[in-house]
Amino acid sequence: MPAVRQVTVAHTLRIFIDHSSIEIFTDEGLTVFTGRFFLEGEWTLAIQGTATYCDLKNLEMVIKKEY
């Protein structure tokens, strides 16, 4: 049976998910969980409570060297 902790105070979570990784930040980054997964087929994420979905854009960095 997995470990379960009863939360008595509301916390803010920030969850970032892409095709093979998940990052969960809580308590303003005081607690962090990082995981890798490799799923096959369709999958869904269910959240109980209030949530806001933000579609993250690809980040492109251009590094210019000046000589």
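- The shortest side-chain heavy-atom distance between Phe16 and Phe25 falls under the 4.5 Å cut-off.
- Clustering ILVMFWY residues whenever any of their side-chain heavy atoms sit less than 4.5 angstrom apart, transitively, puts Ile24 in the very cluster that holds Phe37.
- Both Ile15 and Leu39 belong to a single network of hydrophobic side chains, linked directly or stepwise wherever heavy atoms of I, L, V, M, F, W or Y lie under 4.5 Å apart.
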*Any chance you could lay out the side-chain hydrogen bond (donor to acceptor under 3.5 Å, both in side chains) test for Ser21 and Arg36, step after step, and finish with the verdict?*
CA-CA 4 Å; Ser21 67; Arg36 295 290 306 238; 5.4 Å; no

